[in-house]
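Below you'll find the structure, written out as structure tokens, and then a few comments.
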Number of protein chains: 2
Amino acid sequence: MTRSARRAPVARRLEHVALELFATQGFDETTVDELASAGGVGRRTFFRYFPTKLDVVLGELDEGLAALVVALATQPGADPVAAARAAFLAVNRYADGELPALRRRLGLIEDVPELAARATVRYRDWESALAGDAARRWDVDAGSLRAQVFGRAVVASMRAVFSAWHARPEADAAALGGLVDEAFDLLARGFSAR
Amino acid sequence: MTRSARRAPVARRLEHVALELFATQGFDETTVDELASAGGVGRRTFFRYFPTKLDVVLGELDEGLAALVVALATQPGADPVAAARAAFLAVNRYADGELPALRRRLGLIEDVPELAARATVRYRDWESALAGDAARRWDVDAGSLRAQVFGRAVVASMRAVFSAWHARPEADAAALGGLVDEAFDLLARGFSAR
DNA sequence: GTGGTGGGTGGCACCGAGTGCCGCTTAGCG
DNA sequence: CGCTAAGCGGCACTCGGTGCCACCCACCAC
């Protein structure tokens, strides 16, 4: 997701110490005051960088959305499934050095229910983007059931992919791509196919 | 979802006045104190019936899960898609009188992001149940990507169905069934199929 | 240099959700 | 009639999140 290139250094620092504290103390057991002072800022300032304690874990999703939209745009003529597949493969290209942090984030999202919940809110825009793109390619209405189901099913599948990837501690970046491909095969051919 | 047959009358009353107040004042603008005293109980008691202000809107989902599991169990031999389709059709059989309340709930869930988020947490068990059931029928591991993607994609599609149904004010119970069928056709045959 | 001016900062006070504790009522029962 | 147990609800507390405002400091005009 072409992460966090240029971003306020304060935000970067806060994200870092937050992941650290969450990993050692747990999410619920860490207060925003601790996060703030560990990051060397006041509590009030923390909330200027992150609307929510939850968002300090989910920081990069927005940039991911932008990247997704771009990636979709660079797939003219393709059918929706192919376009979405290519876009997700492009957007989820991680360098080896990024994988540990990704794992920590996914682990948190997986077992702090509130985080999973917040993530789905953030993913709404992804669903809309995918539905809109698919609707254009299929030449149907963006509100049509087909487009809406597509958008939601794709995002849900991608979350299953991340979950599966996270469950395999030895899986690398290539494995992630493989899972993405598998998931899109299922979506393309349907669950009744063998 | 064979709703709320035997349930503490206090809870029923609270749900009712809550939907009322949310509809008139808005969700965020209604405090738990108001809900409690409108329901004739103390604030502390409110939280004994509902773990969260959010849950007063989502009350029946758990009963829905139980019904889903039962419905799945009564589909021996069917393939996962057919079983899930039949289960959802069985579970979402609404009497005409229930539709207005359903609409109000869906409307709230749709445009209060926090509610949508909470709903997804509650739906996790549905996803697991579907994944487990499908894994058994396919004779694969419950943690396998195929089963996991299936569980999540089905739930996501059903949420798209409810959203689409809610968007059409004149749609009745039969229309809901039709949308469920459409969605399952897509899942069964895949999005690349004509 | 002096005197704005504007953005980032963070303290302070406040609100509302959620929780632990505890004393009260009341229904059921020996 | 007393005992007990369960539901109720008040009270006080924690913590996330917000509005307000005073402060610091860089930048700029004169």
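Note on naming: letters A, B, ... go to the chains in the order of the sequence lines (proteins, then strands), and numbering restarts at 1 for each one.
You won't find any donor-acceptor pair under 3.5 Å spanning the side chain of B:Arg44 and the base of C:dG18, going by distance alone.
If you measure from atom CZ of B:Phe50 to atom C1' of C:dG16, you get 19 Å, rounded to the nearest angstrom. Atom CG of B:Asp55 and atom C1' of C:dA17 are 12 Å apart (whole Å).
Using a 30° and 60° split on the angle between ring planes, A:Tyr123 and A:Trp126 fall in the perpendicular class, above 60°.
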Could you go through nucleotides 12-17 of chain D and list every protein N or O atom that sits under 3.5 Å from one of its N or O atoms, giving the distance for each pair?
{"residue": "D:dG16", "atom": "OP1", "partner": "A:Lys53", "partner atom": "NZ", "Å": "3.1"}
{"residue": "D:dG16", "atom": "OP2", "partner": "A:Val32", "partner atom": "N", "Å": "3.2"}
{"residue": "D:dG16", "atom": "N7", "partner": "A:Arg43", "partner atom": "NH2", "Å": "3.4"}
{"residue": "D:dG17", "atom": "OP2", "partner": "A:Lys53", "partner atom": "N", "Å": "2.7"}
{"residue": "D:dG17", "atom": "N7", "partner": "A:Arg43", "partner atom": "NH2", "Å": "2.2"}
{"residue": "D:dG17", "atom": "O6", "partner": "A:Arg43", "partner atom": "NH2", "Å": "3.1"}

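In this structure a side-chain-to-backbone donor-acceptor pair under 3.5 Å is present from B:Lys53 to B:Thr30. Between the A:Thr31 side chain and the A:Glu34 main chain, a donor and an acceptor come within less than 3.5 Å of each other. With A:Arg124 contributing its side chain and A:Thr120 its backbone, the two residues share no donor-acceptor pair below 3.5 Å.
Between B:Asp55 and B:Arg118 there is a salt bridge, since a side-chain N of the basic residue sits under 4.0 Å from a carboxylate O of the acidic one. Remark: B:Glu98 does not engage B:Arg105 in a salt bridge, criterion side-chain N to carboxylate O under 4.0 Å.
For the pair B:Tyr49 and A:Arg48, nearest-nucleotide mapping onto DNA chain D gives the more 5' position to B:Tyr49.
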